[in-house]
Amino acid sequence: MTGFRELAGSVAIVTGGSRGIGLGISHALASAGAVVAVVARDEAAARDAVAGLEGDGHAAYSCDVADGKACRKVVASVTSAHGPVSVLVNNAGVTRDNILLRMRDEEWSRVIDTNLRGAFNMIRAATRGMMKRREGSIVNISSVIGLMGNAGQANYAASKAGLHGLTRSVAKELASRNVRCNAVAPGFIRTDMTAGLPEGQVAELKSRIPAGRLGEPEDVAGVVRFLAGPGAGYITGQIIAVDGGMAM
Ligand code: NAI
């Protein structure tokens, strides 16, 4: 075990925390000393993730974040099992890409309901306790696509731009209660979500990244760890791109 454990004694929820960027975030928060509740649709995957985390007390929960009632239940279960939640990372996200004229209602709804409504559901469920205790940090994982837009991703871009408005509004509403809310907007990160892209498209994307490489989940996780902790105590309502300079 190395380094300063600035989240020792804190309870953190990471949605979609079982793989990709979310798994990287679960590791980073556990290394910082937090007890991590890994929330995913697939409980077995969440349990596997928990087994690999540093430290004790971490737990797996299954929940579809699009379901408000299920979110309230998860927050209540985490609170009664581990204590009050002081860090919430809304990372669960999906894509259903299609060109505008072919985009089906189901593709639009699934993406908005998971990426945007899901974050709202979790924030609403978790903030009552944070406000009462006057302590909390919420980090929403958006995307540079929410800043730039992208052909074929109108649903995804709208959900992530919506997250930016949600982030700033929550930040303004809760700042006086010492509850902070920020967003991290990753660029192109190597995970299952991007693994299926054709090689030509990856090369083209890479050519637009000043850093000259794709990001790794750890690149995002380190920033989330910082925002979750006391070092970011005076930072709220910010959208921080972690993209190797892509969206400049
Ligand atoms: P991934 O597909 O590897 O993982 C997504 C996670 O979200 C999985 O654990 C999945 O179980 C969970 N999830 C999906 N729908 C859910 C639901 N309804 N309820 C609960 N959990 C659900 O994706 P990746 O790449 O790790 O992405 C994580 C976040 O980062 C997403 O919000 C994504 O939009 C965002 N992002 C990813 C980028 C990339 O290049 N990979 C770039 C910018 C943003």
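Whatever order the structure lists them in is the order used to number ligands and atoms, beginning at 1.
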Query raised in the report: Hey, what else clusters with Ile145 if you join Ile, Leu, Val, Met, Phe, Trp, Tyr whenever side-chain heavy atoms sit under 4.5 Å?
Result: Val94, Val111, Tyr156, Met193
Query raised in the report: Which heavy atom in Ser31 sits nearest to a heavy atom in Glu54, and how many Å separate them?
Result: OG-OE1, 3.4 Å
**Report entry** Single-linkage hydrophobic cluster Leu163~Val39, side-chain heavy atoms < 4.5 angstrom
**Finding:** yes
Query raised in the report: So do Lys206 and Leu214 actually touch side chain to side chain, heavy atoms under 4.5 Å?
Result: yes
Query - Test salt bridge (Lys or Arg N to Asp or Glu O under 4.0 Å) applied to Asp42 and Arg19, step by step - result: CA-CA 11 Å; Asp42 177 353; Arg19 66 172 203 233; over 6 Å; no
Query raised in the report: Do Asp97 and Gln153 have side-chain atoms, one donor and one acceptor, less than 3.5 Å apart?
Result: yes
Query - Protein residues having a heavy atom less than 4.0 Å from any atom of ligand 1 - result: Gly16, Ser18, Arg19, Gly20, Ile21, Arg41, Cys63, Asp64, Val65, Asn91, Ala92, Gly93, Val94, Arg110, Thr114, Ile141, Ser142, Ser143, Tyr156, Lys160, Pro186, Gly187, Phe188, Ile189, Thr191, Asp192, Met193, Thr194
